[in-house]
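Everything below concerns the one structure shown next.
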Amino acid sequence: MENKNEIEQVEKSPSGFSIIWREIVRDKLALVSLIFLILITVFVYGVSIILDQDEIVTVDLFSIHEPPGEEFWLGTDYGGRDIFGQLIIGTRNSLSIGILVTLMTGIIGVVFGLVSGYFGGHIDNIMMRILDFFLILPFLMIVIVFVAIVPKYSIWTFSLIMTAFLWMGIARLIRSKALQEKELDYVQASKTLGSSNFKIMFTQVLPNITSLIIVTMTLNLAANIGLESGLSFLGFGFPESTPSLGTLLSYARNPQTLEYRWWIWVPASVLILLLMLSIRNVGEALKRATDARQRRG
Amino acid sequence: MWKFTIRRILIMIPQIILLSVLIFALAKMMPGDALSGMVDPNVDPERLEEIRDKLGWNDPWHVQYADWVGGLVQGDLGQSFRFKMPVTELVGERIVNTFWLSIATLFFTYLIAIPLGITSGRYNDTWLDQSITSYTYIGFATPLFIFALVMLWVFGFMLGWFPTSGSVSPGLQPGTFEYVMSKITHLILPAISMALITTVSTVQYLRSEIIDTKQKDFILTARAKGASETRVYNRHILRNSLLPIAAFLGFEITGLIGGTVFIETIFGYPGMGLLFFESIQLRDYSVVTAVVLLFGIASILGALLSDIILSLVDPRIRIK
């Protein structure tokens with residue numbers, strides 16, 4: 001889904017789009033990954049319209065821990081719930097939250113980085129100290145503590161908590177780019193003409209760094225899916241009633257399940273791995289497309 | 001050099017203060033207090049209020065904060081209501097295990113990274129380099145906990161080569177040879193699992209450092225003087241490429257902190273990560289607060305360590 005957005009955004013300037021397209025076609029791995037991502041996205045979002053999430057997560061005591069068979073393609077978990085259905089819903093939930101968190105961290109990071117880099121001086125100094133502080137926090141633990149103590153926990157609060165501690169990477173990158181960019185002639189010219197700082201930052205500098213933002217956000221998406229599944233694995237992400245891929249993996253914390261019931265956790269692991277690898281493949285191809293020296297096509 | 005180090009340490013002070021304020025605020029937001037878990041429910045609520053008053057829990061927050069910090073400085077981390085013992089003692093037991101796990105992981109990380117990085121950099125663009133690069137590429141995309149689960153499944157359960165939980169077999173006397181051996185066998189699988197994933201960034205970094213150094217003029221000079229290929233690599237290139245790797249040590253420590261929560265939970269290894277996981281599930285918040293604080297300080301120290309090593313290695317960083 002992310003990728004479709006990117007392509008649409010770039011379409012405005014045909015040369016940029018054709019460069020990216022050429023790069024992806026040249027890199028067979030990226031092409032296969034892109035096709036895989038599009039197919040799986042269409043499939044999980046399409047099928048989950050028909051599938052009823054509540055029906056899938058309803059406990060069925062007569063079919064606990066069924067191995068894969070005709071009735072349940074991939075068997076059932078300890079509550080007799082169909083793994084295959086949970087896999088589809090889980091992939092959808094994992095993708096959705098990954099995209100949501102990536103977009104939110106992207107917006108915060110870009111605004112923070114742009115302001116900090118563009119103004120420089122004392123503002124930059126103070127903002128960077130704040131960023132440094134967020135960077136040294138033990139991310140995983142702080143997020144888990146927040147998840148545990150937040151009253152009225154929901155998917156929204158979960159993504160807000162994740163966002164609050166994940167915006168720093170992209171902010172730092174954008175800042176260093178903005179620092180370079182503001183020295184360029186077009187910014188100076190615009191200032192001489194009397195454009196407001198706000199206008200220069202968001203209508204002139206921002207378009208010039210879009211490619212960097214797109215590449216970073218694609219790579220972040222892969223990382224965020226991994227983080228979400230990690231948190232769900234520990235039991236501090238999605239609740240069982242809205243399973244994600246990590247929820248399925250969390251059943252493997254039980255040694256019995258890990259040892260004897262591979263069908264519960266192996267498919268989800270493979271899917272997470274494939275998703276992360278293919279998003280990265282596409283991201284790397286995009287990265288090369290934005291840097292003329294690295295292009296293959 | 002000293003100027004930089006001192007300035008860097010001064011930056012650390014507000015960081016530690018901010019961290020402690022944040023953790024204190026979190027601790028205050030946690031529902032309930034140590035009394036609600038410890039005291040018999042039949043006790044009169046008014047009496048409880050009195051105890052709370054006496055313990056200073058109804059004071060304004062800045063007084064409470066000062067008390068809390070005062071306790072911390074003296075090594076008093078509070079009481080664990082779950083384990084019914086002082087948190088300091090509890091942490092003291094667990095931190096030793098995590099320490100050994102971290103040492104073993106760092107050992108394996110460099111044991112894997114250095115030969116792979118050197119081979120990959122020296123013979124770049126051969127099939128050997130390509131296979132090492134593919135490993136780092138996949139390693140980057142693999143979440144640590146999935147890899148650890150697979151390792152535990154294959155080597156712990158299916159092949160049965162390693163124990164699947166704990167840090168030592170029960171019934172052994174501390175100090176005996178068997179005890180030490182049992183400790184080591186319990187360490188190997190978690191440490192290798194973590195090292196195989198965390199090492200990939202070091203491998204990649206070392207590879208690009210070596211490829212960079214290879215093209216420098218002083219290498220040409222060394223070759224022109226007639227130094228053998230082995231000497232060029234071992235003496236000239238390696239020495240220059242390994243230094244920046246040393247600076248990674250601090251970052252590795254920061255990385256280990258998140259990793260231990262997953263690794264110790266999966267391998268049932270009784271260290272700080274597992275203590276954190278158990279305590280947050282049991283809502284034993286005084287332990288949670290202590291562990292988060294200690295890990296936070298460890299990662300601040302890790303960042304400090306990298307900056308200092310980096311400034312030793314690369315004088316250009318010392319400006320400002």
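Just so it is clear: chains get the letters A, B, ... in the order the sequence lines come, proteins before strands, and each one is counted from 1. All figures in this text were calculated on a predicted structure; none of them were measured in a lab.
In this structure, chain A has a heavy atom under 4.5 Å from the side chain of B:Thr265, while its backbone stays farther away. For a residue to count as touching a neighbouring chain, one of its non-hydrogen atoms must lie under 4.5 Å from one of that chain's; by this rule B:Leu22 touches chain A with the side chain only. Neither the backbone nor the side chain of A:Leu135 comes within contact range of chain B; no heavy atoms are under 4.5 Å apart. At a 4.5 Å heavy-atom cutoff, the contact between B:Leu149 and chain A is made by backbone and side-chain atoms alike. Contact annotation for A:Ala222: neither backbone nor side-chain heavy atoms come within less than 4.5 Å of a heavy atom of chain B. Interface residue A:Arg253: only side-chain heavy atoms are found under 4.5 Å from chain B. Heavy atoms closer than 4.5 Å to chain B are found in the side chain of A:Ile142, but not in its backbone.
Using a 4.5 Å heavy-atom cutoff, the side chains of B:Ile300 and A:Phe133 are not in contact. Residues A:Trp265 and B:Ile146 fail the side-chain proximity criterion, which asks for heavy atoms closer than 4.5 Å.
The most heavy-atom pairs under 4.5 Å with chain B, out of A:Leu277, A:Leu234, A:Leu249, come from A:Leu234. Chosen from B:Phe157, B:Phe277, B:Phe140, the residue pairing most often with chain A at heavy-atom distances under 4.5 Å is B:Phe157. Listed options A:Val266, A:Val150, A:Ile136 were ranked by heavy-atom pairs under 4.5 angstrom with chain B; first place goes to A:Ile136. Most heavy-atom pairs under 4.5 Å with chain B: of the set A:Ala268, A:Gly226, A:Pro138, A:Ala223, this distinction falls to A:Pro138.
Heavy-atom neighbours of chain A within the stretch residues 8-15 of chain B, taken at a separation under 4.5 angstrom, comprise B:Gln15. Proximity to chain A at a heavy-atom threshold of 4.5 Å picks out B:Val288, B:Val291, B:Val292, B:Phe295, B:Gly296 from residues 288-297 of chain B, in numerical order.
Taking every heavy atom of both residues into account, A:Phe236 and B:Ile280 meet most closely at CZ-CG2, 3.3 Å. Contact record, A:Met276 with B:Pro143: SD-CG, 3.6 Å, taken as the closest heavy-atom pair.
Rounded to the nearest 0.5 Å, atoms CE (A:Met141) and CG (B:Leu26) are 13.0 Å apart. To the nearest 0.5 angstrom, B:Phe145 atom CZ is 7.5 Å from A:Ser269 atom OG. B:Tyr137 contributes atom OH, which lies 5.5 Å from atom CZ of A:Arg280 (distance to the nearest 0.5 angstrom).
Residues that satisfy the side-chain hydrogen bond (donor to acceptor under 3.5 Å, both in side chains) test with A:Arg92, not counting sequence neighbours, are A:Gln53.
For CZ of A:Arg172, the number of neighbouring non-hydrogen atoms (other residues, nucleotides, ligands) closer than 6.0 Å is 12 at most.
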Applying side-chain contact (heavy atoms from CB on, under 4.5 Å) to B:Phe147 and A:Leu273, what does each step give before you reach the verdict? CA-CA 10 Å; B:Phe147 184 70; A:Leu273 216 61; over 6 Å; no

inquiry  = side-chain contact (heavy atoms from CB on, under 4.5 Å) for B:Ile257 and A:Phe139? Distances and angles first, verdict last.
reply    = CA-CA 9 Å; B:Ile257 290 168; A:Phe139 167 80; over 6 Å; no

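Within the structure, every pair that satisfies the salt bridge (charged side-chain N to carboxylate O under 4.0 Å, His left out) test and touches residues 131-150 of chain A, not counting sequence neighbours, is listed here: A:Arg129-A:Asp132.
Relative ring orientation between B:Phe262 and A:Phe233 is described as tilted, the plane-to-plane angle lying within the 30° to 60° band.
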